[in-house]
Amino acid sequence: MILPREALIEQSYRLAQHHYARLGVDTDAAIEKLLAIPISLQCWQGDDVAGFEDQHGALGGGLAVTGSHPGKANNADQLRADLNQALALIPGRHRVNLHASYAETGGQAVARNQLLPGHFDGWIDWAREQRLGLDFNPTFFSHPLAADGFTLSHQDAGVRQFWIEHGLACRQIGAAFGAALGSSCVTNVWIPDGYKDTPIDRRGPRERLAASLDAMFAEAIDPHLQIDALEGKLFGLGSESYVVGSYDFYLGYAISRKKMLCLDAGHFHPTESLADKLSAVLISLDQLLLHVSRGVRWDSDHVVTFSDDLQAIAQELVRGNYLQRVRIGLDFFDASINRVAAWVIGARATLKALLAALLEPLPDWAHHEAAGDWTARLIALEEQKTLPLGAIWNYLCLQQNKPADGDWLSCIRAYESRVLAQRGR
């Protein structure tokens with residue numbers, strides 16, 4: 001007899017629960033902890049980082065989106081509808097991460113340094129209705145004053161001042177998000193500044209960047225409303241040889257100015273381990289912003305999958321007891337597949353990795369390590385890989401009224417047929 005799907009999930013969970021209980025792991029407690037972790041979904045996955053300033057403008061800042069899958073969101077209402085569909089397929093309660101270029105200005109041209117919280121009222125109202133938090137990013141790319149590849153570190157003081165004022169405006173918008181929604185907004189700064197070829201002067205741009213950031217952060221904002229974060233990068237298109245805002249630059253700046261550092265999983269050399277950096281950096285910083293992405297060769301922004309790298313990050317967050325000190329967001333964009341599915345794949349993979357880490361029998365493993373019994377430690381780590389994680393995950397989805405693995409593609413196909421395929425006709 002073939003059991004009904006829900007009965008099979010329930011029965012599988014009870015059996016898996018016993019497997020984990022033998023190791024001293026409370027699966028119900030692990031699920032409860034997971035559901036308290038919000039993931040910030042990046043708005044730019046839904047429209048290929050286009051934003052709403054100029055639907056015909058070229059994407060700049062060394063960013064590139066590949067693919068032409070039908071159904072790209074063309075306005076804020078469509079983008080919010082797509083996010084609603086994605087969130088309907090993701091267990092837990094989460095956040096949405098906006099760029100400044102997603103302002104709704106009623107068709108009026110508004111300079112980026114003149115943006116106001118009111119230009120995001122539509123997003124605030126939607127987030128309040130959906131019981132979501134909002135995060136934010138100044139948009140230092142896809143703009144005439146960023147066309148030469150420099151913004152806050154530009155040689156021209158007038159250009160620097162424009163971008164400083166943009167950053168100031170964005171911090172106020174972030175604070176408005178926090179006040180309206182009762183949840184602090186992380187406002188993350190990433191700039192594309194750098195050289196394609198080897199520069200003579202590496203020092204000057206970094207000194208100018210530090211001074212610009214100091215000016216941008218001069219006004220104190222209540223961290224219960226808004227938190228400043230800084231994101232470095234290894235290289236970018238057009239900045240292959242020199243990135244002004246490198247990881248090392250921002251690490252020093254964040255420590256000295258007591259700011260949040262953003263670590264993006266796709267912004268390091270392929271042989272570096274972001275998981276290893278967490279404990280190193282959190283010795284000196286109170287908080288981190290983590291951008292979950294997947295680097296493949298030179299490209300940093302592939303859709304997140306349940307990879308070894310992702311699992312290592314989740315393991316370190318749990319093993320180091322860092323979950324209360326790290327904010328987690330997604331950062332990828334892919335137009336070669338259904339854009340809504342990309343959000344769901346990435347978010348579910350991230351949550352699944354965190355669940356796997358929360359199901360580890362850490363006291364026993366720590367005992368093996370402290371006793372110098374590395375044989376037992378390695379055996380335990382290997383045998384954990386075949387424990388029935390999937391049964392716990394599917395039960396969690398069932399309890400959250402979300403489709404289990406294997407059951408949600410039909411929802412994507414239906415939305416694609418009903419909504420996405422109609423766009424542009």
Side-chain angles (χ1 to χ4, degrees), residues 5 9 31 34-35 37-49 65-73 77-98 126-127 130-135 265-266 290-294 296 301-307 309-311 313-314 328-356 389-421 423:
R5 179 65 163 155
I9 290 173
I31 289 173
L34 180 70
L35 293 176
I37 303 171
I39 307 296
S40 195
L41 273 65
Q42 74 290 27
C43 73
W44 50 92
Q45 165 56 39
D47 78 328
D48 306 342
V49 207
V65 179
T66 57
S68 56
H69 197 281
K72 183 184 83 166
D77 288 336
Q78 290 181 356
L79 187 55
R80 287 190 282 262
D82 291 353
L83 281 162
N84 283 340
Q85 178 60 53
L87 289 163
L89 303 174
I90 301 167
R93 186 161 300 283
H94 301 291
R95 307 176 64 85
V96 168
N97 194 8
L98 296 174
W126 170 77
Q130 300 297 322
R131 296 169 59 203
L132 303 169
L134 289 177
D135 296 310
L290 178 62
H291 272 187
V292 181
S293 184
R294 179 167 59 102
V296 177
D301 292 305
H302 285 249
V303 178
V304 171
T305 59
F306 191 65
S307 64
D309 288 339
L310 178 62
Q311 292 177 69
I313 291 168
I328 303 172
L330 303 181
D331 188 2
F332 52 79
F333 36 92
D334 188 344
S336 70
I337 64 173
N338 182 293
R339 294 172 183 81
V340 177
W343 270 318
V344 181
I345 293 166
R348 287 173 70 113
T350 302
L351 290 167
K352 200 177 297 181
L354 289 165
L355 177 62
L389 166 67
I392 311 299
W393 168 258
N394 283 336
Y395 178 79
L396 179 159
C397 291
L398 181 65
Q399 295 301 300
Q400 287 280 296
N401 197 29
K402 308 293 183 182
D405 281 1
D407 294 344
W408 63 271
L409 179 58
S410 59
C411 301
I412 291 291
R413 292 288 187 239
Y415 187 76
E416 187 170 55
S417 176
R418 186 179 72 255
V419 178
L420 303 183
R423 292 178 184 168

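From a predicted model like this one, the values you see are computed outputs, not experimental measurements.
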Is it true that a side-chain atom of Trp393 and a backbone atom of Asp405 form a donor plus acceptor pair closer than 3.5 Å? no

Could you give the distance from CG (Asn394) to CD1 (Ile9), rounded to the nearest 0.5 Å? 5.0 Å

Asp135, Ile90, Asn97 screened by side chain to side chain contact (heavy atoms under 4.5 Å, CB included) with Leu41, the one that passes: Ile90

Kindly compute the distance separating CG (Leu396) from NZ (Lys352), expressed to the nearest 0.5 Å. 10.5 Å

Check whether the side chains of Glu416 and His69 place a donor and an acceptor atom closer than 3.5 Å, and report yes or no. yes

From CA spacing to verdict: side chain to side chain contact (heavy atoms under 4.5 Å, CB included), Ile39, Arg95: CA-CA 6 Å; Ile39 307 296; Arg95 307 176 64 85; over 6 Å; no

Between CZ on residue Arg413 and CG on residue Leu409, distance to nearest 0.5 Å: 4.5 Å

Measuring from Thr350:OG1 to Leu355:CG, what's the distance to the nearest 0.5 Å? 12.5 Å

Indicate yes or no: does Arg339 engage Asp48 in a salt bridge with an N to O separation below 4.0 Å. yes

Spell out, as yes or no, whether a donor-acceptor pair under 3.5 Å connects the side chain of Gln45 to the backbone of Asp334. yes

Heavy atoms from other residues, nucleotides or ligands near CZ of Arg418 exceed 12 (cutoff 6.0 Å): yes

Can you tell me which residue among Asp77, Asp82, Asp47 is in a salt bridge (Lys or Arg N to Asp or Glu O under 4.0 Å) with Arg423? Asp82

Run the side-chain hydrogen bond (donor to acceptor under 3.5 Å, both in side chains) check on Asp331 and Trp44 step by step: do they pass? CA-CA 9 Å; Asp331 188 2; Trp44 50 92; 3.2 Å; yes

When rounded to the nearest 0.5 Å, the distance separating CD1 of Ile31 from CD of Gln399 is 7.5 Å

Steps toward side chain to side chain contact (heavy atoms under 4.5 Å, CB included) verdict (Leu330, His291): CA-CA 5 Å; Leu330 303 181; His291 272 187; over 6 Å; no

Heavy-atom donor-acceptor pair, Arg294 side chain to Ser307 backbone, under 3.5 Å: no

d(Leu83 CG, Gln42 CD) to nearest 0.5 Å is 9.0 Å

Polar side-chain atom of Gln85 near backbone of Tyr415 as donor-acceptor pair, under 3.5 Å: no

